[in-house]
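Here is the structure we will look at.
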Amino acid sequence: MAHSAMSGSGTTESDDPLQTAVWRLRSRACWTDAAALLEPADAASALQRASLLVEKCLYTEGGWEEAEDALRTAEALAHTDEERGAAACERGQLAYAATLHSVRDRADEARAALGRAAALIPPGAPGRAVLDFRRGLLAENLARSPQAARAAYRRAHAGATAHSDPLLLSFTWRHLAGLALRDGELAEARHGFAESLRIREELGYLVGTAPALASLADAEAEPEASRLREEARRLFRLLGGVPTWLARQLAPPAPGAATA
């Protein structure tokens with residue numbers, strides 16, 4: 001996600017108090033409250049505000065109009081290539097989320113926006129790692145191309161490491177582990193899911209901790225798998241059923257259902 005947990009974004013004691021407040025609200029699924037703290041007076045603040053509201057759409061399947069409005073403001077205030085590229089990256093993520101959640105098929109818009117971002121964000125820039133990750137999401141979940149997704153996630157992972165972005169690393173670890181699990185590489189999957197969970201717990205990224213617990217449970221044997229899923233359910237309820245898409249993964253098996 002853009003504006004992830006790099007130093008200066010509210011995750012360390014020396015950070016700006018405003019960013020600390022934004023991070024605490026964001027990490028507890030209070031995206032609208034976090035966005036309300038940001039005055040879109042320049043490109044940076046407008047982009048961060050749009051990023052928060054786009055993330056809300058992905059996690060809650062709601063708030064689409066509010067995110068569109070914030071994104072249009074960010075696009076209008078973007079003047080440099082990197083700012084325009086970052087706005088295009090958010091445009092692509094919003095279109096991806098709408099397609100993923102079957103709100104509207106915007107897959108072509110998502111690809112075009114991320115392609116535009118790739119032309120504007122220079123290689124090696126911090127925003128490039130976020131862009132690579134999002135291109136991996138498209139490849140995995142819309143194009144159904146795990147090989148292309150793995151390559152994009154690995155580029156994002158390398159970029160997140162180079163720029164000390166632990167939150168993005170938690171996403172790349174998790175998605176690379178998901179591909180490993182699909183390929184039957186249990187040890188690799190377990191390691192990646194455990195790293196993702198560790199980072200999110202250290203950062204206090206509460207809204208991302210339940211998905212990390214549920215993913216690790218998929219790679220663990222019983223009784224550890226059941227313990228992890230129950231902890232995920234507890235956090236899921238605590239946050240009011242967010243992220244919404246996790247409900248299907250955490251649903252207990254029907255009585256008498258066969259299990260493998």
Side-chain angles (χ1 to χ4, degrees), residues 1-12 15 19 22-23 26-27 43-44 47-48 50-52 54-55 58 74 78 80-97 100 110-143 145-180 188-189 191-203 205 207-208 211-212 215:
M1 304 292 170
H3 300 284
S4 40
M6 293 178 285
S7 178
S9 63
T11 58
T12 60
D15 286 338
Q19 289 300 325
V22 168
W23 168 253
R26 175 194 176 189
S27 65
L47 278 165
Q48 186 178 8
S51 176
L52 289 165
V54 169
E55 187 172 89
L58 185 63
T80 68
D81 280 353
E82 279 201 57
E83 289 168 352
R84 283 190 287 268
C89 192
E90 292 303 329
R91 171 66 62 190
Q93 182 72 350
L94 184 60
Y96 162 76
L100 186 72
R111 292 187 191 95
L114 294 186
R116 189 162 64 252
L120 291 166
I121 301 173
R128 191 77 186 200
V130 175
L131 172 61
D132 284 333
F133 175 69
R134 290 175 172 179
R135 295 181 96 176
L137 292 176
L138 255 67
E140 180 179 4
N141 298 316
L142 301 189
S145 176
Q147 285 187 319
R150 184 179 287 108
Y153 292 149
R154 284 176 174 165
R155 291 194 302 272
H157 192 85
T161 301
H163 292 286
S164 300
D165 188 344
L167 184 60
L168 181 56
L169 275 174
S170 83
F171 281 95
T172 55
W173 273 122
R174 180 166 172 260
H175 283 266
L176 285 167
L179 293 176
E188 184 181 342
H191 174 70
F193 287 141
E195 282 297 294
S196 178
L197 176 61
R198 177 188 63 78
I199 292 169
R200 291 179 180 197
E201 288 181 334
E202 287 178 358
L203 291 173
Y205 188 53
V207 72
S215 293

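Basis for what follows: all heavy atoms, side chains included, without hydrogens, waters or symmetry-related copies.
In this structure, the separation between OG1 on Thr172 and CZ on Arg155 is 12.5 Å, given to the nearest 0.5 Å.
At a threshold of 4.0 Å, the pair Asp132-Arg135 does not count as salt-bridged, since none of the basic side-chain nitrogens sits closer than that to a carboxylate oxygen.
For Arg200 and Phe171, the positive end sits near the middle of the six-membered ring, less than 6.0 Å away and at most 45° from its axis.
In terms of modelled atom types and a separation under 3.5 Å, the side chain of Arg128 and the main chain of Ala118 share a donor-acceptor contact. Of the possible polar contacts, one joining the Ser196 side chain to the Ser170 backbone as a donor-acceptor pair under 3.5 Å is found. No donor-acceptor pair closer than 3.5 Å links the side chain of Ser51 to the backbone N or O of Leu47. Of the possible polar contacts, one joining the His163 side chain to the Gly124 backbone as a donor-acceptor pair under 3.5 Å is found. Arg134 places a side-chain N or O within 3.5 Å of a backbone atom of Cys89 that can act as its donor or acceptor partner.
A donor-acceptor contact closer than 3.5 angstrom is absent between the side chains of Gln93 and Glu55.
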- Query: Stepwise, does the side chain to side chain contact (heavy atoms under 4.5 Å, CB included) test hold for Val22 with Gln48?
  - Reply: CA-CA 10 Å; Val22 168; Gln48 186 178 8; 3.8 Å; yes
Could you walk me through whether Leu94 and Glu90 pass the side chain to side chain contact (heavy atoms under 4.5 Å, CB included) test, one step at a time? CA-CA 6 Å; Leu94 184 60; Glu90 292 303 329; over 6 Å; no
Stepwise side chain to side chain contact (heavy atoms under 4.5 Å, CB included) check, Arg116 with Arg91
CA-CA 10 Å; Arg116 189 162 64 252; Arg91 171 66 62 190; 4.3 Å; yes
- [ ] Given side chain to side chain contact (heavy atoms under 4.5 Å, CB included), test Leu52 with Val54 step by step and report yes or no.
- [x] CA-CA 6 Å; Leu52 289 165; Val54 169; over 6 Å; no
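Counting heavy atoms from C-beta outward, Arg111 and Leu138 have side chains that approach closer than 4.5 Å. Proximity of Trp23 to Leu167: side-chain heavy atoms (C-beta onward) are separated by under 4.5 Å at one or more points.
Every pair tested for salt bridge (Lys or Arg N to Asp or Glu O under 4.0 Å) that includes a residue from residues 166-175 fails, sequence neighbours excluded, so the list is empty.
Relative orientation of the Phe133 and Tyr153 rings is tilted, given thresholds of 30° and 60° on the angle between their planes.
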